[in-house]
Amino acid sequence: MKPESHRIATWWYHLPDLQWPDPDNRDKVRRRAEAYAKANVSAAMLFGAHFRWDWLPFFPLLHDYIATVAEELHSYGIKLFDHHSVSLVHRYTTRAEMRHVMEDSQPHLPLSPTFEAAADWTWRGKKLNDWRMIDVSTRKPLWHPQYTAEGFCPRNPEYAESYREYAAYLIAETGIDGLSADDGRYFYGYNACACEHCRAELQKRAGIDLPPVEDSNFWGNWDNPAWLHWLELRYDTMGNFYEELAKTLPEGFMLTGCGAASAAAGAL
């Protein structure tokens, strides 16, 4: 079957757009949808609220905005695709870190909690902090200084199930037609993830516990079968995450990803 093709336009929304449901913003949505139709756009891709789990307290507001955009576009026969990070979350402690988040990640609409505030955040009874990737070096939650962020491990079955639940909830609430589920990968090279699930999988495949980073017989040793198992399980983790997600989506629903890989491009 020939893949469906679209003339896609981005639909950026910003913090003022989420003064919702302000009548002026509702009118702005209607006028934008009409303009897309006149430009012969067949699908729009949402950009904003990118680190989606940071918006957990505001899902009803955010989803109502997205649903309204979908309704207006659908009235012209235009499809709507959402786009967000499945795994990254902004976190900070100091005001300086808060400014770094807001100034350097501004297109993400980076409203986000402090570490202290996020400590008790839950999704349907499951604690978000229990999903975090673990740094191989420190065996503490992995920190991404370039994003002022942490990330969740797709091999964690509780997290993978929770994201599938969120995707189903998002679709039911908004009526979107597709999803670009971004950042399903091991960020920060091979320094992650040392969570119990990744270590258990390596033990199952290679018969060893994950060695410390000083062990050059393992790390980067392409002649060591255990190292190859480590690389393979990371690719499998990403593939399984998206395969299981795809199974839960409606018939004909578009699913794409960005940054779905074993590691970042600058890894070993």
Side-chain angles (χ1 to χ4, degrees), residues 51-53 85-89 91 115 118-119 121-123 125-167 181-248 255-268:
F51 284 16
R52 187 56 55 87
W53 289 107
S85 174
V86 302
S87 61
L88 293 177
V89 289
R91 297 289 184 265
F115 280 107
W121 277 25
T122 61
W123 164 257
K126 299 168 185 174
K127 224 173 180 182
L128 272 62
N129 271 5
D130 290 342
W131 305 339
R132 293 179 292 183
M133 283 192 174
I134 301 300
D135 191 315
V136 171
S137 300
T138 65
R139 302 301 166 108
K140 295 179 180 179
L142 186 67
W143 174 246
H144 306 288
Q146 72 272 42
Y147 290 138
T148 319
E150 295 181 321
F152 303 143
C153 180
R155 185 162 282 280
N156 184 319
E158 185 178 277
Y159 161 65
E161 179 184 19
S162 293
Y163 182 75
R164 292 194 296 270
E165 289 176 353
Y166 172 68
D182 290 7
D183 302 330
R185 74 175 184 181
Y186 287 89
F187 274 88
Y188 226 52
Y190 295 114
N191 204 29
C193 170
C195 77
E196 60 178 303
H197 308 287
C198 290
R199 296 199 318 271
E201 185 64 20
L202 182 64
Q203 181 68 241
K204 176 182 174 182
R205 297 189 184 206
I208 64 168
D209 192 18
L210 184 64
V213 291
E214 296 79 15
D215 186 350
S216 59
N217 183 55
F218 175 80
W219 293 99
N221 182 1
W222 299 91
D223 294 323
N224 186 339
W227 170 248
L228 302 183
H229 280 300
W230 175 245
L231 302 183
E232 182 183 55
L233 77 84
R234 293 156 64 90
Y235 279 110
D236 290 348
T237 297
M238 298 299 98
N240 291 340
F241 179 84
Y242 284 101
E243 285 175 10
E244 293 303 312
L245 174 60
K247 291 176 185 177
T248 68
L255 174 64
T256 66
C258 176
S262 168
L268 283 174

Begin from the C-alpha positions of Y190 and L231 and carry the test side-chain contact (heavy atoms from CB on, under 4.5 Å) through to its verdict. CA-CA 9 Å; Y190 295 114; L231 302 183; 3.4 Å; yes

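- Here the side chain of N156 pairs a donor or acceptor atom with the backbone of D130 at under 3.5 angstrom.
- Looking only at distances, a side-chain donor or acceptor of S87 sits under 3.5 Å from a matching main-chain atom of D183.
- Ring-plane geometry between W131 and W53 is classed as perpendicular, the angle between the planes exceeding 60 degrees on a 0 to 90 degree scale with a lower cut at 30.
- Ring geometry, W219 versus W230: the interplanar angle exceeds 60°, so the pair is classed perpendicular (tilted spans 30 to 60°).
- Here the shortest heavy-atom pairing between S162 and W123 reads O-NE1, 3.5 Å.
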Determine, step by step, whether T237 and F241 satisfy the side-chain contact (heavy atoms from CB on, under 4.5 Å) criterion, reporting the C-alpha distance in whole Å, the side-chain angles of both residues, the deciding distance to 0.1 Å, and the verdict. CA-CA 6 Å; T237 297; F241 179 84; 5.6 Å; no

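- Taking both residues in full, the closest heavy atoms of D135 and S137 are given as OD1-N, 2.7 Å, listed atom of the first, atom of the second, then distance.
- In this structure, the separation between CZ on R52 and OH on Y163 is 8.0 Å, given to the nearest 0.5 Å.
- Of the listed residues (R199, Q203, R205), just one forms a side-chain hydrogen bond (donor to acceptor under 3.5 Å, both in side chains) with E201, and that residue is R205.
- Across all their heavy atoms, N221 and S216 have their closest contact at CB-O, 3.8 Å.
- Taken to the nearest 0.5 Å, the CZ atom of F115 stands 9.0 Å off from the CG atom of N129.
- Among pairs with a residue in residues 139-151, those fulfilling salt bridge (charged side-chain N to carboxylate O under 4.0 Å, His left out) read R132-E150, at least two apart in sequence or across chains.
- Closest approach of F51 and S85 over heavy atoms only: CD1-CB, 3.9 Å.
- Tested against E158, the residues K127, H197, K126 include a single side-chain contact (heavy atoms from CB on, under 4.5 Å) partner, K126.
- Atom SG of C193 sits about 9.0 Å away from atom CZ of R234, to the nearest 0.5 Å.
- Ionic pairing of R164 and E161 is not present here: no N-O contact between side-chain nitrogen and carboxylate oxygen is shorter than 4.0 angstrom.
- In this structure, CG in N224 is found 6.5 Å from CD1 in I208, a value given to the nearest 0.5 Å.
- Between L245 and A167 the shortest heavy-atom distance is CD1-CB, 4.0 Å.
- Put simply, OG1 on T122 and CG on L128 are 7.5 Å apart, with the number rounded to the nearest 0.5 Å.
- Between L202 and A226, the shortest heavy-atom contact is CD1-O, 3.9 Å.
- Of the inter-residue distances, the one linking W222 atom CH2 with L228 atom CG reads 7.0 Å to the nearest 0.5 angstrom.
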One pair to check against side-chain contact (heavy atoms from CB on, under 4.5 Å): F218 and L210. What are the steps and the verdict? CA-CA 9 Å; F218 175 80; L210 184 64; 4.0 Å; yes

Apply side-chain contact (heavy atoms from CB on, under 4.5 Å) to residues F152 and L88 and explain how you reach the verdict. CA-CA 7 Å; F152 303 143; L88 293 177; over 6 Å; no

